[in-house]
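Source: prediction; values computed, not measured.
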Amino acid sequence: MENCLTTHNLTKRYRKFTALDNVNMTVPKGAIYGFIGKNGAGKTTLIRVICGLQAPTQGDYTLLGADYADKKNLSKVRKHIGAIVETPAVYPDMTAYENMKHQSIIVGNPSFDQISELLSFVGLKDTGKKKVKNFSLGMRQRLSIAMTLVGNPDFLVLDEPTNGLDPQGIVEIRELILKLNKEKNITFLISSHILGELSKLATHYGFIDNGKLIKELTASELEAQCRKKILIKATGKKALSTVLDKTDYEYKMLSPDECEIYGEINVNDTLKLLADNGLTVSRISEKDEDLETYFINLVGGEVND
Ligand code: ATP
């Protein structure tokens, strides 16, 4: 099995409203898949559908090798999936250990042996008799992740896990996810409306807008798209592309007399080369796109609310 999740034209409609529109996404095994979209884009809907909380209107999916149509196999593989959808389900009047014990019973794991190790893994081994209602939001979130680990999942689905956390809490969750991915080989699907927050850990990205998956790419592809570029507009007898072909620049033509050159280049040498070939430069500018700008350009509008 190469992929933990593949969706095939996955569609979810609420009456006339289409919340998911023919989504084809792939979460490779071992990935940390950042699922990015503005509020209301359809992230939670997709997560609810693949977690079996809602049925798709059309299309289907394959989860850990089990096809949607194969209900028996699907319910078997669901045992290897952990999910935190919307608010983490923890009991506020119990301690961390009691919550873990309760979760072990729910998932049918009669041994409580691994609880201390798991609490220690998420940095909650010293919380003793402290009740969860007195935990910070970050501690609760880490506890809810520990609770999903009781079932030894291969695939964890987290819906906006850093929502409402302070910067320190965000760093802790990020480090925990990276550690789980590396040390326990857990594949992640993580939704967020802030691309920058996932950029330090995601290996793959899917961008959703108005229920449509508008782009899916790897972290290195995203990096390449965001890196420095120089825009040049030049006209003359020779075609701009003919002159650029004489160099080892990586470039893209935007129109016959306009191009984007990627990476670090010597601007003076470039201008001289163009002049020597009889081209007149009417515009030159540098663009260094950050992730949020990339996201805004992709889906439009404001993203951080
Ligand atoms: P957020 O971060 O705000 O939760 P999201 O990307 O997770 O955003 P969804 O919760 O998936 O978005 O919602 C997608 C759209 O579907 C929204 O416009 C929402 O109002 C609509 N929607 C979700 N659930 C229902 C429902 N049960 N009935 C009708 N519309 C719904």
Side-chain angles (χ1 to χ4, degrees), residues 3-28 31-63 67-68 81 83-87 155-165 170 177 187-226 252 254 287 289-305:
N3 299 318
C4 275
L5 171 72
T6 322
T7 70
H8 318 108
N9 296 320
L10 199 65
T11 299
K12 178 72 189 173
R13 281 188 211 103
Y14 298 110
R15 293 174 187 269
K16 283 190 179 157
F17 180 76
T18 306
L20 287 180
D21 192 353
N22 284 292
V23 172
N24 292 301
M25 74 187 266
T26 304
V27 179
I32 299 179
Y33 188 103
F35 189 34
I36 320 276
K38 294 190 281 191
N39 290 330
K43 305 179 296 293
T44 307
T45 304
L46 180 124
I47 287 174
R48 292 179 65 83
V49 168
I50 59 144
C51 288
L53 302 169
Q54 283 178 329
T57 314
Q58 257 169 19
D60 56 31
Y61 56 89
T62 306
L63 195 58
D67 288 334
Y68 180 68
I81 294 170
I84 305 174
V85 187
E86 285 150 324
T87 37
F155 185 29
L156 270 188
V157 180
L158 308 178
D159 190 17
E160 303 258 5
T162 50
N163 233 3
L165 298 187
I170 292 174
I177 291 169
T187 303
F188 280 87
L189 169 63
I190 308 170
S191 77
S192 179
H193 61 286
I194 305 169
L195 173 57
E197 237 166 61
L198 291 184
S199 66
K200 293 190 179 71
L201 70 162
T203 58
H204 295 73
Y205 295 93
F207 291 89
I208 186 167
D209 192 37
N210 284 322
K212 289 192 171 76
L213 193 75
I214 48 173
K215 191 140 198 145
E216 195 171 52
L217 73 181
T218 64
S220 43
E221 285 166 347
L222 177 67
E223 208 177 290
Q225 299 222 1
C226 289
K252 185 173 90 181
L254 305 176
K287 233 168 130 189
E289 196 165 55
D290 66 27
L291 291 173
E292 284 310 308
T293 316
Y294 177 82
F295 182 32
I296 292 166
N297 286 341
L298 206 58
V299 302
E302 292 294 318
V303 287
N304 290 333
D305 45 15

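- Contacts of F207 classified as ring pair (Phe, Tyr, Trp, His ring centres under 6.0 Å), with partners at least two apart in sequence or in another chain: Y294, F295.
- Counting all heavy atoms, side chain and backbone alike, N24 lies closest to L213 at O-CD2, 3.2 Å.
- In terms of the side-chain contact (heavy atoms from CB on, under 4.5 Å) criterion, E223 has no residue partners (sequence neighbours excluded).
- The heavy-atom pair separating L156 from A83 by the smallest distance is CD2-N, 4.4 Å.
- Note that the OG1 atom of T45 and the CD atom of Q54 stand 6.5 Å from one another [nearest 0.5 Å].
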*Passes side-chain contact (heavy atoms from CB on, under 4.5 Å), M25 versus L46? Steps please.*
CA-CA 10 Å; M25 74 187 266; L46 180 124; 3.7 Å; yes
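- Residues satisfying the side chain to side chain donor-acceptor pair (under 3.5 Å) criterion with Y205, sequence neighbours excluded, are absent altogether.
- Under the rule for a side-chain contact (heavy atoms from CB on, under 4.5 Å), the partners of K200 that lie at least two apart in sequence or sit in another chain are R174.
- Between T62 and D67, the shortest heavy-atom distance links the atoms OG1-OD1, 3.0 Å.
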*Candidate pair D209 and K38, rule side-chain contact (heavy atoms from CB on, under 4.5 Å), full reasoning*: CA-CA 7 Å; D209 192 37; K38 294 190 281 191; 3.7 Å; yes
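- Here the closest heavy-atom approach between residue P56 and residue L10 is recorded as CB-CD1, 3.7 Å.
- Distance CG/L198 to CD1/I36: 4.5 Å, rounded to 0.5 Å.
- Closest of all the heavy-atom pairs between P28 and T187 is O-CG2, 3.4 Å.
- Rounding to the nearest 0.5 Å gives a distance of 6.0 Å between CG of L158 and CZ of F188.
- Closest heavy-atom contact between P161 and S191: CD-O, 3.6 Å.
- Every residue meeting the salt bridge (Lys or Arg N to Asp or Glu O under 4.0 Å) condition with E160, not counting sequence neighbours, appears here in chain and number order: K43.
- Here the CG atom belonging to L189 is positioned 11.5 Å from the CD1 atom belonging to I32, to the nearest 0.5 angstrom.
- For the pair L201/I190, a side-chain contact is recorded, criterion being any heavy-atom separation below 4.5 Å from C-beta on.
- The aromatic rings of Y33 and F35 sit tilted, their planes meeting at an angle between 30° and 60°.
- Counting heavy atoms of neighbouring residues, nucleotides and ligands inside a 6.0 Å radius, atom CG of N22 exceeds 12 of them.
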*asked:* What verdict does the side-chain contact (heavy atoms from CB on, under 4.5 Å) test give for V85 and T44, after you've listed the backbone C-alpha separation in whole Å, the side-chain angles of each residue and the deciding distance to 0.1 Å?
replied: CA-CA 7 Å; V85 187; T44 307; 4.1 Å; yes
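- With no hydrogens or angles considered, no side-chain donor-acceptor pair links N3 and T26 at under 3.5 Å.
- The NE2 atom of H193 lies 12.0 Å from the CG atom of L195; values are rounded to the nearest 0.5 Å.
- Sorted by first and then second residue, the salt bridge (charged side-chain N to carboxylate O under 4.0 Å, His left out) pairs with a member in residues 12-28 read D21-K212; sequence neighbours excluded.
- Applying the side chain to side chain donor-acceptor pair (under 3.5 Å) criterion to T7, with sequence neighbours excluded, gives no partner residue.
- Listed by chain and residue number, nothing satisfies the side chain to side chain donor-acceptor pair (under 3.5 Å) test with Y68 (two or more places apart in sequence, or in another chain).
- Under the side chain to side chain donor-acceptor pair (under 3.5 Å) criterion, T6 pairs with no residue, sequence neighbours left out.
- With T218 contributing its side chain and E221 its backbone, the two residues share a donor-acceptor pair below 3.5 Å.
- In this structure, L20 CG and N9 CG are separated by 12.0 Å, a value rounded to the nearest 0.5 Å.
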